[in-house]
There are 2 protein chains.
Amino acid sequence: MSQSGIDLDRSLGYLLKEASSALRTAMEEVLRPLGMSVTHYSCLELLAQRPGLSNSELARGAFVTRQTMNVLLQALERDGYVTRPAEAPVGKVLPARLTPRGQQSLEQASAAVRAVEVRMLSGMTETERSAAFRILRSMIHSLRDGDGNDGA
Amino acid sequence: MSQSGIDLDRSLGYLLKEASSALRTAMEEVLRPLGMSVTHYSCLELLAQRPGLSNSELARGAFVTRQTMNVLLQALERDGYVTRPAEAPVGKVLPARLTPRGQQSLEQASAAVRAVEVRMLSGMTETERSAAFRILRSMIHSLRDGDGNDGA
DNA sequence: TGACTCATGTCAGTATTCTGACATACATTG
DNA sequence: CAATGTATGTCAGAATACTGACATGAGTCA
């Protein structure tokens with residue numbers, strides 16, 4: 001009752017979490033029939049766009065720890081979706097790549113996820129969509145290091 | 001130090017996840033010194049705004065399952081942050097409430113989280129902030145049930 | 001060259017969350 | 001009233017992600 005709390009209905013942070021949760025749920029729903037988790041999909045999508053990404057880079061891109069991504073990569077490698085060289089070309093970094101099977105598997109998942117994203121954008125004008133990009137980037141920038149007084 | 005900006009930044013879904021992840025990380029950083037997790041804090045904040053919320057309602061509000069919230073509530077009850085009646089006034093629903101200790105604990109956390117949210121909003125104009133609300137609500141609506149062709 | 005720092009891949013254990021299951025309580029419907 | 005459907009609280013086991021730790025390779029600096 002006092003004023004110590006944050007009004008959740010007016011909190012942009014809460015709304016951000018709500019939207020992210022709704023997106024994740026929607027993605028899980030369309031990926032489940034394909035036998036794929038969100039992290040699983042994220043890994044494949046990242047590799048499709050940037051072949052040769054390392055385990056640690058994939059982990060950062062999928063917002064998990066490198067240990068978690070390592071377990072996933074070993075499973076994907078075992079099941080023939082991904083390949084990694086037995087020895088590192090340079091340093092310890094093992095560049096990962098999609099196999100043809102991995103690419104094929106990704107195509108179905110990618111289409112399903114794209115449909116979800118289209119649905120998410122369906123109620124927005126083109127102006128709002130570009131505003132959304134700008135605003136989210138601003139939030140990320142401000143949260144990452146310190147103040148972020150400079151939005152651009 | 002392979003530095004690489006990932007092209008996936010063209011996806012609003014990815015950006016949404018990125019922002020949500022950054023927010024969660026920032027919240028964890030300020031809550032850790034208080035010995036509190038994000039879910040822990042969310043539960044207390046929900047109870048402060050809506051005293052008497054049930055376990056299941058708290059779970060939905062904090063975006064976890066009711067089983068997970070139940071485990072948390074039992075711990076909070078054991079440690080004296082929350083109270084629940086021994087028997088349900090009606091049905092099986094046990095209305096939870098903050099103890100004075102719980103309220104006090106929340107006040108510190110709430111201040112810390114509020115600072116994070118202020119930081120997140122720091123680079124945005126007032127117009128952008130209200131646009132952010134509208135846009136996020138639109139996304140949530142469209143993702144929840146089907147099309148969401150009606151944005152306003 | 002050697003000391004230092006940083007990032008990486010990986011193993012192991014811990015922690016957290018979820019799924020499955022059950023009994024119970026209320027509302028609805030016939 | 002009885003049958004059904006929905007929602008709840010809770011226990012137990014499974015899945016998932018995280019923290020800690022170690023060895024290794026590369027870059028930096030004196």
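Per chain, numbering begins at 1; letters A, B, ... match sequence-line order. Because the structure is predicted, anything quoted here is derived from the model rather than measured.
No donor-acceptor contact under 3.5 angstrom links the side chains of A:Glu128 and B:Ser138, judged on distance only.
As rounded to whole Å, 9 Å separates atom C1' of C:dT8 from atom CZ of A:Arg60. When rounded to the nearest whole Å, the span between NE2 of A:His40 and C1' of D:dA15 equals 16 Å. When rounded to the nearest whole Å, the span between CZ of B:Arg66 and C1' of C:dG20 equals 11 Å. Regarding B:Phe63, its CZ atom lies at a distance of 17 Å from the C1' atom of C:dC18, rounded to whole Å. Going from atom CG of A:Leu94 over to atom C1' of C:dA7 covers 13 Å, rounded to whole Å. Straight-line distance from the CG atom of B:Asn70 to the C1' atom of C:dT16: 15 Å, rounded to whole Å. Atom CG of A:Leu72 is separated from atom P of C:dT10 by 13 Å (rounded to the nearest Å). The distance from atom CD of A:Glu28 to atom C1' of C:dT17 is 12 Å, rounded to the nearest whole Å.
Contact check, B:Thr39 against C:dT16: no side-chain N or O comes under 4.0 Å of OP1 or OP2. In this model, the phosphate group of C:dT17 is not approached by any side-chain N or O of B:Thr65 to a distance below 4.0 Å at OP1 or OP2.
When side chains are defined from C-beta on, B:Leu12 does not count as touching A:Arg129, because their heavy atoms never get closer than 4.5 Å.
Between A:Pro89 and B:Asn55, the residue anchored closer to the 5' end of DNA chain D is B:Asn55, taking for each the nucleotide with the nearest heavy atom. Mapping A:Lys92 and A:Val64 onto DNA chain D by nearest heavy atom places A:Val64 closer to the 5' end of the strand.
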Using the salt bridge (Lys or Arg N to Asp or Glu O under 4.0 Å) rule, take B:Glu57 and B:Arg50 through it: C-alpha gap first, then chi angles, then the decisive distance, then the call. CA-CA 10 Å; B:Glu57 290 168 324; B:Arg50 298 200 264 283; over 6 Å; no
Decide yes or no on salt bridge (Lys or Arg N to Asp or Glu O under 4.0 Å) for A:Glu45 and A:Arg114, but give the supporting numbers first. CA-CA 12 Å; A:Glu45 186 72 61; A:Arg114 198 158 25 229; over 6 Å; no
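B:Ser54 comes within 4.0 angstrom of the backbone, heavy atoms only, and of no base. Using a 4.0 Å heavy-atom cutoff across all strands shown, B:Ser56 reaches sugar-phosphate atoms only and no base atom.
Within 3.5 Å, no donor on the side chain of A:Gln74 pairs with an acceptor on the base of C:dG9, nor the reverse. Applying the 3.5 Å distance criterion, the base of D:dG20 shares a donor-acceptor pair with the side chain of A:Gln67.
Looking at B:Ser54, its side chain never comes within 3.5 Å of a backbone N or O of B:Val93 through a donor-acceptor pair.
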